[in-house]
Amino acid sequence: MIDDIRAKFLPRFVASARERLERASKLIADGANAAPSIAADLHTIAGEASIMGLHDVATMARDGERALRIVGGIDDPTIVMTLYKLWRRIDELAPPQRRSG
Amino acid sequence: MMAVRRKQILIVDDSALVLDMMRAALDAAGYEVLIANNLTQLEEHRSRNRPDLVLMDVQMPEAFGDDVAMVLRAAREVDAPIYLLSTLDDAELKRRAADADIDGFISKQMGAEAIVLRVQQIIGAGGEPS
């Protein structure tokens, strides 16, 4: 039963996580001082991934959130790599749709 | 045949995905689930229902869930057990629950399936759909 529920909600989780990661990457690229906003998005990804049983995703997101809030803020060198790893893992869960034409 | 009341759970969380997935998991286990995405919805449910259990996220845009829970408990507006439901570390959740004088916490890190089992330990089985 829980596997059916998880499968039903996976596409929604992936779409939500991608949206949050895109927003975080854009904020970093723009040089915005957006540590609280990105940390909040990572916190949400961690919570949703935990409920989904995606514990590796949740751990990555929590590590990123911790780095932003406690360790080095937006300048922490691990942040970009954490976002990249998360993005890769999300793509493994559901490969992005390629546009044709 | 007499209808059996399903035990009612109120979940407060700013993530619509968490709310919908937990509702699906708990509904499948026989519970009636009320969901609140913000404090306005929480107040609407609280004034109209008497839930058997309240699960409260901690980090929400409007307020910290443990602060909200402390108000509910101090004002005796909710008799039911109140548990924090969060992905924060257990030690922090334990401290926040104790400070708020509520019943405890459930870690989101357990995943939906284990959370349902924990709910069953706290308030018993959900009951049959009426």
Side-chain angles (χ1 to χ4, degrees), chain A residues 1-24 27 34-71 73 82 86 89-90 93-94, chain B residues 9 11-31 33 35-38 55-66 83-93 96 105-120 125-126 129:
Chain A
M1 176 60 78
I2 202 74
D3 288 340
D4 293 341
I5 294 171
R6 192 175 290 130
K8 177 184 168 190
F9 283 94
L10 182 62
R12 199 168 139 194
F13 166 74
V14 166
S16 169
R18 278 205 181 109
E19 186 181 321
R20 293 178 191 283
L21 291 172
E22 283 173 13
R23 184 164 54 219
L27 285 169
S37 171
I38 298 171
D41 273 334
L42 289 174
H43 182 81
T44 300
I45 291 173
E48 293 177 347
S50 293
I51 294 290
M52 295 285 299
L54 300 168
H55 300 298
D56 59 334
V57 176
T59 298
M60 277 187 251
R62 269 200 308 277
D63 288 347
E65 181 194 0
R66 192 174 296 115
L68 278 165
R69 291 195 197 278
I70 301 169
V71 184
T82 297
L86 267 172
R89 181 70 181 102
I90 296 295
L93 291 170
Chain B
I9 301 170
I11 309 178
V12 186
D13 200 302
D14 62 313
S15 164
L17 177 61
V18 167
L19 289 174
D20 289 344
M21 184 160 172
M22 284 313 306
R23 176 162 59 182
L26 289 164
D27 181 76
Y31 298 97
V33 182
I35 58 174
N37 196 227
N38 53 48
L55 300 178
M56 181 85 68
D57 186 20
V58 173
Q59 290 184 297
M60 297 184 283
E62 294 174 291
F64 287 112
D66 44 326
Y83 280 72
L84 300 177
L85 178 65
S86 170
T87 189
L88 294 173
D89 293 339
D90 285 3
E92 181 171 357
L93 285 173
R96 283 176 178 265
F105 70 91
I106 301 176
S107 174
K108 282 181 182 172
Q109 296 180 40
M110 297 164 70
E113 195 166 17
I115 292 171
V116 171
L117 292 175
R118 184 75 184 100
V119 166
Q120 288 171 338

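These numbers were taken from a predicted model, which means no experiment stands behind them.
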**Q** Does any backbone or side-chain atom of B:Asp89 lie under 4.5 Å from a heavy atom of chain A? Answer side chain, backbone, both or neither.
**A** side chain
**Q** Over all heavy atoms of both residues, which pair between A:His55 and B:Gly111 is shortest? Give the atoms and the distance, please.
**A** CE1-N, 4.4 Å
**Q** Of all heavy-atom pairs between A:His43 and B:Thr87, which one has the smallest distance, and what is that distance?
**A** CE1-CG2, 3.4 Å
**Q** Could you tell me whether B:Glu113 atom CD has more than 12 heavy atoms of other residues or ligands within 6.0 Å of it?
**A** no
**Q** Identify the two heavy atoms, one from A:Met52 and one from B:Met21, that lie closest to each other, and give their separation to 0.1 Å.
**A** SD-SD, 3.3 Å
**Q** Minimum heavy-atom separation for B:Ala28 to A:Ile5, with atom names?
**A** CB-CD1, 4.4 Å
**Q** Side chain, backbone, both or neither: which part of B:Leu17 has a heavy atom under 4.5 Å from chain A?
**A** both
**Q** Between atom CD1 of A:Ile51 and atom CG of B:Leu19, what is the distance when rounded to the nearest 0.5 Å?
**A** 9.5 Å
**Q** For B:Ser15 versus A:Glu48, what's the shortest heavy-atom pair and its separation?
**A** OG-OE2, 2.6 Å
**Q** Side chain from CB out, backbone as N, CA, C, O: work out which of these in B:Ala114 comes under 4.5 Å of a heavy atom of chain A, or both, or neither.
**A** neither
**Q** With a 4.5 angstrom heavy-atom cut-off, could you sort out which part of A:Arg62 is near chain B: side chain, backbone, both or neither?
**A** side chain
**Q** Report the distance from atom OG1 of A:Thr59 to atom CD of B:Gln109, rounding to the nearest 0.5 Å.
**A** 7.0 Å
**Q** Top residue by heavy-atom pair count (under 4.5 Å) with chain A, among B:Val18, B:Asp20, B:Leu88?
**A** B:Asp20
**Q** Please flag which part of A:Ala46 lies under 4.5 Å from any non-hydrogen atom of chain B: side chain, backbone, both or neither.
**A** both
